[in-house]
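Before any comments, here is the structure.
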Amino acid sequence: HEALYRTPKGAYFLYGEGGAKTKYGRPVGGGTVSGGSDITPLTPDEALGWLEEHAPAEVIEREFPDKVEEA
(Lines give C-alpha, C1' and ligand atoms only; values in the text may rest on other atoms or scores of the structure.)
Protein backbone atom coordinates (compact mmCIF):
# COMPACT_ATOMS: atom_id res chain seq x y z
CA HIS A 1 0.00 0.00 0.00
CA GLU A 2 1.29 3.46 -0.90
CA ALA A 3 -0.23 6.90 -0.40
CA LEU A 4 0.96 10.33 -1.46
CA TYR A 5 0.69 13.18 1.05
CA ARG A 6 1.26 16.92 0.86
CA THR A 7 2.20 18.88 3.96
CA PRO A 8 0.52 22.21 4.77
CA LYS A 9 3.65 23.94 3.41
CA GLY A 10 3.40 22.06 0.09
CA ALA A 11 6.08 19.39 0.50
CA TYR A 12 5.24 15.93 -0.87
CA PHE A 13 6.05 12.56 0.62
CA LEU A 14 5.12 8.98 -0.10
CA TYR A 15 4.15 6.67 2.73
CA GLY A 16 4.31 2.98 1.91
CA GLU A 17 3.95 -0.28 3.74
CA GLY A 18 4.01 -3.87 2.69
CA GLY A 19 4.80 -7.44 3.51
CA ALA A 20 8.07 -9.32 3.53
CA LYS A 21 8.11 -9.86 -0.24
CA THR A 22 7.52 -6.20 -1.14
CA LYS A 23 10.01 -3.37 -1.47
CA TYR A 24 9.10 -2.50 2.11
CA GLY A 25 10.30 -5.83 3.52
CA ARG A 26 13.01 -5.56 6.18
CA PRO A 27 15.52 -8.14 7.40
CA VAL A 28 14.96 -9.12 11.03
CA GLY A 29 17.86 -11.54 11.43
CA GLY A 30 18.65 -15.15 10.71
CA GLY A 31 17.68 -14.73 7.06
CA THR A 32 14.13 -13.81 8.03
CA VAL A 33 12.35 -10.87 6.43
CA SER A 34 9.35 -9.07 7.86
CA GLY A 35 6.99 -6.45 6.49
CA GLY A 36 7.78 -2.82 7.00
CA SER A 37 7.02 0.75 6.09
CA ASP A 38 8.86 3.83 4.87
CA ILE A 39 8.38 7.55 4.25
CA THR A 40 10.06 8.98 1.15
CA PRO A 41 10.24 12.72 0.41
CA LEU A 42 9.35 13.53 -3.22
CA THR A 43 9.94 16.53 -5.43
CA PRO A 44 6.83 17.99 -7.08
CA ASP A 45 7.84 16.33 -10.37
CA GLU A 46 8.23 12.95 -8.62
CA ALA A 47 4.85 13.42 -6.96
CA LEU A 48 3.27 14.20 -10.32
CA GLY A 49 4.86 11.10 -11.82
CA TRP A 50 3.52 8.94 -8.99
CA LEU A 51 0.04 10.41 -9.43
CA GLU A 52 0.14 9.77 -13.18
CA GLU A 53 0.62 6.07 -12.45
CA HIS A 54 -1.77 5.72 -9.51
CA ALA A 55 -4.46 8.41 -9.44
CA PRO A 56 -7.43 9.45 -11.56
CA ALA A 57 -7.12 12.51 -13.79
CA GLU A 58 -9.25 14.62 -11.42
CA VAL A 59 -6.67 14.31 -8.66
CA ILE A 60 -3.83 15.29 -10.99
CA GLU A 61 -5.81 18.28 -12.29
CA ARG A 62 -6.52 19.42 -8.72
CA GLU A 63 -2.94 19.02 -7.45
CA PHE A 64 -1.07 20.21 -10.57
CA PRO A 65 -3.40 22.43 -12.62
CA ASP A 66 -0.43 24.20 -14.25
CA LYS A 67 0.99 20.89 -15.53
CA VAL A 68 -2.17 19.60 -17.23
CA GLU A 69 -2.61 20.36 -20.92
CA GLU A 70 -5.86 20.06 -22.82
CA ALA A 71 -5.89 17.53 -25.63
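The figures that follow rest on heavy atoms only: side chains count, while hydrogens, waters and symmetry mates do not.
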In Å, rounded to the nearest 0.5 Å, how long is the span from [atom1] of [X] to [atom2] of [Y]?
| X | Y | atom1 | atom2 | result |
| --- | --- | --- | --- | --- |
| Leu42 | Trp50 | CG | CH2 | 9.0 Å |
| His54 | Ile60 | NE2 | CD1 | 11.0 Å |
| Glu2 | Asp38 | CD | CG | 10.0 Å |
| Glu17 | Ile39 | CD | CD1 | 10.5 Å |
| Leu51 | Lys67 | CG | NZ | 12.5 Å |
| Phe13 | Leu4 | CZ | CG | 8.5 Å |

Problem - Over all atoms of both residues, closest heavy-atom pair of Tyr12 and Pro44 - result: CD1-CA, 4.1 Å
Fill in the blank from the handout: Smallest heavy-atom separation, Lys23 atom then Arg26 atom, equals O-NH1, 3.6 Å
Handout entry: Residue pair Glu63 / Leu48, side-chain heavy-atom distance below 4.5 Å
Key = no
